[in-house]
Chemist: 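Before anything else, here's the structure in question.
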Amino acid sequence: MWAEPAIATNYPSPTGFVNDFANILTDDQKNELEANLSNFEKQTSNEISVVIIKSLEGDTVENYTVKLFEQWKIGKKNKDNGLLFLISIDDRKYRFEVGYGLEPVLTDAKTGDIGRNIVTPAFKNGNYYQGIKDSVDTMEKLLSGQDVPMSKPSIKFDEGVLYFVIFLLFF
């Protein structure tokens, strides 16, 4: 059996809570997010890092995010209360990596809702800043104990399909 070649990825060094290596945010946007995340860390000790890269360089978003999370040691060691929000522009992918200490609040279901309801619609419209800001605001509220209702996609019910299925089952 042949072994797959290892991907040699160079991970950037952190510059703060907001790390825009793809240069998609304005200075004002970056500074506003940085101040917000810094204040949140001071108030709660929870660390949220936003990392925007150009490309995953052939790596998977899951692997890249886990490795970067581990390398940067996001969160307090004794609390494991870090969160990494990675965005890869060219690959059109994003991922939330949540430390074990935050998982009871930021479950896979909650981060999935944030992705589907906030990140994806904003990013599809090219509004990266709004998607990042609204996601961060939502995660901060959740981590602060606030209840944040997430809109569920509506399922349209077609009565014609129901009647057709009943007809098929009857005969």
Side-chain angles (χ1 to χ4, degrees), residues 9 11 14 16-22 24-25 29 32-53 55-56 59-158 161-162 165:
T9 304
Y11 298 102
F17 291 103
V18 180
N19 302 269
D20 183 9
F21 301 110
I24 64 162
L25 300 176
Q29 291 170 338
E32 181 183 330
L33 287 168
E34 183 72 33
N36 176 25
L37 292 171
S38 177
N39 288 335
F40 184 71
E41 187 273 335
K42 287 175 186 158
Q43 293 169 359
T44 66
S45 83
N46 296 325
E47 294 179 11
I48 299 174
S49 291
V50 176
V51 179
I52 308 163
I53 58 173
S55 169
L56 295 166
D59 203 349
T60 65
V61 69
E62 296 83 6
N63 187 59
Y64 192 100
T65 309
V66 168
K67 296 288 186 190
L68 190 64
F69 186 90
E70 291 170 352
Q71 183 176 321
W72 285 14
K73 298 177 178 23
I74 300 168
K76 306 292 185 258
K77 186 177 182 178
N78 59 340
K79 294 184 177 184
D80 202 7
N81 61 341
L83 168 74
L84 171 59
F85 180 12
L86 178 87
I87 302 140
S88 176
I89 300 300
D90 291 349
D91 300 294
R92 300 178 59 138
K93 298 198 183 268
Y94 68 89
R95 180 167 170 85
F96 299 104
E97 187 63 32
V98 181
Y100 292 122
L102 301 182
E103 281 185 347
V105 176
L106 284 178
T107 62
D108 288 344
K110 291 277 188 193
T111 57
D113 285 345
I114 291 168
R116 280 185 300 280
N117 297 314
I118 298 172
V119 177
T120 299
F123 285 14
K124 278 186 179 179
N125 290 326
N127 198 343
Y128 292 101
Y129 172 71
Q130 199 63 52
I132 294 166
K133 182 181 180 319
D134 291 348
S135 297
V136 165
D137 289 347
T138 300
M139 291 183 286
E140 287 178 344
K141 288 176 183 174
L142 289 168
L143 291 170
S144 297
Q146 296 178 38
D147 186 33
V148 179
M150 296 301 258
S151 61
K152 301 285 183 197
S154 61
I155 299 172
K156 294 184 179 175
F157 181 73
D158 185 355
V161 172
L162 175 64
V165 170

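Here the structure is a predicted model, which means the values were calculated and not measured.
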Chemist: Taking ring pair (Phe, Tyr, Trp, His ring centres under 6.0 Å) as the test, write out the residues that go with Tyr11, two or more places apart.
Modeler: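 Counting only residues at least two positions away or on another chain, Tyr11 forms a ring pair (Phe, Tyr, Trp, His ring centres under 6.0 Å) with Tyr64.
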Chemist: Please say whether more than 12 non-hydrogen atoms of neighbouring residues, nucleotides or ligands are located less than 6.0 Å from CZ in Phe21.
Modeler: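 Atom CZ in Phe21 is packed in, count exceeds 12.
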Chemist: Quick check: closest heavy atoms across Pro121 and Gly115, and the distance to 0.1 Å?
Modeler: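 In terms of heavy atoms, the two residues are closest at CD-O, 4.2 Å.
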Chemist: Roughly how far, to the nearest 0.5 Å, is CG of Leu106 from CG of Asp113?
Modeler: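 The CG atom of Leu106 is 11.5 Å from CG of Asp113, to the nearest 0.5 Å.
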Chemist: Could you check whether any side-chain N or O of Thr107 sits under 3.5 Å from a backbone N or O of Glu103, counting only pairs where one atom can act as donor and the other as acceptor?
Modeler: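 No, Thr107 side chain to Glu103 backbone: no donor-acceptor pair under 3.5 Å.
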Chemist: At their closest point, which heavy atom of Glu34 faces which heavy atom of Val18, and how far apart are they?
Modeler: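 Closest approach of Glu34 to Val18: OE1-N, 2.8 Å.
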Chemist: With Ser88, which residues qualify under side chain to side chain donor-acceptor pair (under 3.5 Å), at least two apart?
Modeler: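 Only Asp91 meet the side chain to side chain donor-acceptor pair (under 3.5 Å) criterion with Ser88.
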Chemist: Considering only residues two or more places apart or on different chains, which pairs with a residue in residues 120-135 satisfy salt bridge (Lys or Arg N to Asp or Glu O under 4.0 Å)?
Modeler: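 Residue pairs passing salt bridge (Lys or Arg N to Asp or Glu O under 4.0 Å), neighbours aside: Lys133-Asp137.
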Chemist: Counting only N and O atoms by type, is there a donor-acceptor contact under 3.5 Å from the side chain of Asn39 to the main-chain atoms of Ala35?
Modeler: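 Judged by distance alone, yes, a pair lies under 3.5 Å.
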Chemist: Nearest 0.5 Å, what's the CG-CD1 distance between Leu33 and Ile132?
Modeler: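 Rounded to the nearest 0.5 Å, the CG-CD1 separation comes to 6.5 Å.
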Chemist: Sub-3.5 Å donor-acceptor pair from the side chain of Asp90 to the main-chain atoms of Ser55, do we have one?
Modeler: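 No, the answer is negative, given that no donor and acceptor are paired below the 3.5 Å cut-off.
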Chemist: Excluding sequence neighbours, so at least two apart, what forms ring pair (Phe, Tyr, Trp, His ring centres under 6.0 Å) with Tyr129?
Modeler: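 Not a single residue meets the ring pair (Phe, Tyr, Trp, His ring centres under 6.0 Å) criterion with Tyr129.
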Chemist: Does Ser135 have any side chain to side chain contact (heavy atoms under 4.5 Å, CB included) partners at least two apart in sequence or in another chain, and if so, which?
Modeler: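 In terms of side chain to side chain contact (heavy atoms under 4.5 Å, CB included), with neighbours along the sequence ignored, Ser135 is linked to Phe85, Ile114, Ile118, Val119, Met139.
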Chemist: Holding to side chain to side chain contact (heavy atoms under 4.5 Å, CB included), I want the full list of residues that pass it with Ala22, two or more places apart in sequence or in another chain.
Modeler: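 Once residues adjacent in sequence are excluded, the partners of Ala22 under the side chain to side chain contact (heavy atoms under 4.5 Å, CB included) criterion are Asp20, Ile24, Ile52, Lys54, Ile89.
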Chemist: Using a 6.0 Å cut-off, check whether atom CG of Asn78 has over 12 heavy atoms from anything other than its own residue.
Modeler: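 It does: Asn78 CG has more than 12 such atoms within range.
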Chemist: Would you please test Asp108 and Val98 for side-chain contact (heavy atoms from CB on, under 4.5 Å) and show each step?
Modeler: CA-CA 9 Å; Asp108 288 344; Val98 181; over 6 Å; no
Chemist: Within a strict 4.5 Å, meaning less than it, do heavy atoms of the Val50 and Ile87 side chains meet?
Modeler: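 Sidechains of Ile87 and Val50: in contact.
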Chemist: Check side chain to side chain donor-acceptor pair (under 3.5 Å) between Ser45 and all other residues, then give those that pass, not counting sequence neighbours.
Modeler: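 Ser45 satisfies side chain to side chain donor-acceptor pair (under 3.5 Å) with Lys79, Asn81 once adjacent residues are dropped.
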Chemist: When rounded to the nearest 0.5 angstrom, what distance separates CG in Asn117 from OG1 in Thr138?
Modeler: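 These two atoms lie 9.5 Å from each other.
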Chemist: Is the shortest heavy-atom distance from the side chain of Val136 to the side chain of Leu37 under 4.5 Å?
Modeler: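 With C-beta onward as the side chain, the pair touches.
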Chemist: Do Leu143 and Thr44 have side chains that approach each other closer than 4.5 Å (heavy atoms only, starting at C-beta)?
Modeler: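 Answer no - side chains too far apart.
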Chemist: Please enumerate all residues that pass side chain to side chain donor-acceptor pair (under 3.5 Å) together with Asn63, with sequence neighbours excluded.
Modeler: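 If we apply the side chain to side chain donor-acceptor pair (under 3.5 Å) test to Asn63, skipping adjacent residues, the hits are Asp59.
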Chemist: Apply ring pair (Phe, Tyr, Trp, His ring centres under 6.0 Å) to Phe17 and list each qualifying residue two or more places apart in sequence or on a separate chain.
Modeler: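 Testing Phe17 for ring pair (Phe, Tyr, Trp, His ring centres under 6.0 Å), a comparison that skips the adjacent residues, returns none.
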Chemist: Which distance, rounded to the nearest 0.5 Å, do you find between the OH of Tyr128 and the CG of Leu25?
Modeler: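 Between Tyr128 OH and Leu25 CG, I get 11.0 Å after rounding to 0.5 Å.
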Chemist: Which atoms form the tightest heavy-atom contact between Ser144 and Phe40, and what is the distance?
Modeler: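 Heavy-atom minimum between the residues: OG-CE1, 3.6 Å.
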Chemist: Please list, one pair per line, the donor and acceptor atoms closer than 3.5 Å that link side chains of residues 70-77 to other protein atoms, with sequence neighbours excluded.
Modeler:
residue	atom	partner	partner atom	Å
Trp72	NE1	Pro12	O	2.8
Lys76	NZ	Glu41	OE2	2.6
Lys76	NZ	Glu47	OE2	2.5

Chemist: Could you work out, with side chain to side chain contact (heavy atoms under 4.5 Å, CB included) as the rule, every residue matching Thr65, not counting sequence neighbours?
Modeler: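 Result, side chain to side chain contact (heavy atoms under 4.5 Å, CB included) vs Thr65: Val61, Leu84, Leu86, Arg95, Glu97.
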